[in-house]
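For reference, positions follow the sequence shown, starting with 1. Only this structure's heavy atoms are used, side chains among them; waters, hydrogens and symmetry mates stay out. These figures come from a predicted structure and were not determined experimentally.
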Amino acid sequence: NASVYDGATAAAEAASMCRERSRTVTYVSAACNPSVLRTLKTYCFSSGTELVVVPEKDGVTDLSAIEGELDVPADLDIFRGHFPDHPVLPGVIIMEALAQAASFCILVERGAEGSIGFLTGIDGAKFRRQVAPGDTVTLRATIVKSSRRLVVAEVEASVDGEICATATQKYVLAPKE
């Protein structure tokens, strides 16, 4: 059905479909066609959806600025034992989610979607807020060093704007075998 839409209308339809699936934030690149951006601004304003414009750098989407989200369902098995009567998402799960989000962005940026980003180190991890069942965690990564195989990122996880975890993470990129 999308083939009968122009690009701007198709983008608004995609945002609408995400909203129907309980997504409350729409991301769009600042490098997109201006008519797409205008249409999404109108749609998001009228539907109460937050619109985040991802910055561009030299006319290309700056993938190091992309955010991800992790929905934390209340019925996850992990909550039965961590901790009984006080369910908390383990910090190691938050760190892994941050690593996956950052690695994905790096691999897409490099056109290496068939590769894998392996987490090889976490330095200076700090946990400042507990993540509870039903929370949505916003995942952010800023790439501070990037070579052919090694990537270093400053990562941050937050819930409702309140930082819950920060760290410096290291990844090795390898082809999938």
Rounded to the nearest 0.5 Å, how far apart are [atom1] of [X] and [atom2] of [Y]?
{"X": "C44", "Y": "E50", "atom1": "SG", "atom2": "CD", "value": "9.0 Å"}
{"X": "L37", "Y": "L51", "atom1": "CG", "atom2": "CG", "value": "6.5 Å"}
{"X": "N33", "Y": "R38", "atom1": "CG", "atom2": "CZ", "value": "7.5 Å"}
{"X": "I93", "Y": "L98", "atom1": "CD1", "atom2": "CG", "value": "11.5 Å"}

* Asked: Do S158 and R129 have side-chain N/O donor and acceptor atoms under 3.5 Å apart?
  -> no
* Asked: Can you tell me if T26 and R19 form a side-chain donor-acceptor pair at under 3.5 Å?
  ->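 Result is no, nothing qualifies.
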[X] and [Y]: which non-hydrogen atoms are nearest, and at how many Å?
{"X": "A11", "Y": "V36", "value": "CB-CG1, 3.8 Å"}
{"X": "I122", "Y": "A167", "value": "CG2-CB, 3.9 Å"}
{"X": "A174", "Y": "F118", "value": "CB-CE1, 3.9 Å"}

* Above 12 or not: heavy atoms from other molecules or residues under 6.0 Å from CG of D160? -> no
Donor-acceptor contact below 3.5 Å, side chain [X] vs main chain [Y]:
{"X": "E154", "Y": "I143", "answer": "no"}
{"X": "S16", "Y": "A12", "answer": "no"}
{"X": "S103", "Y": "Q100", "answer": "no"}

* To do: With side-chain hydrogen bond (donor to acceptor under 3.5 Å, both in side chains) as the test, would you mind laying out the steps for E69 and T136 before giving the verdict?
  => CA-CA 7 Å; E69 285 189 348; T136 297; 5.5 Å; no
* To do: Taking the side chain as every heavy atom from C-beta outward, state whether L119 and E96 have any atom pair closer than 4.5 Å.
  => yes
* To do: Begin with the C-alpha distance, continue with both residues' side-chain angles, and end with the deciding distance and a verdict on side-chain contact (heavy atoms from CB on, under 4.5 Å) for V88 and V131.
  => CA-CA 6 Å; V88 176; V131 176; 5.8 Å; no
* Asked: Looking at R80 and D75, does any basic side-chain N land under 4.0 Å from a carboxylate oxygen?
  -> no
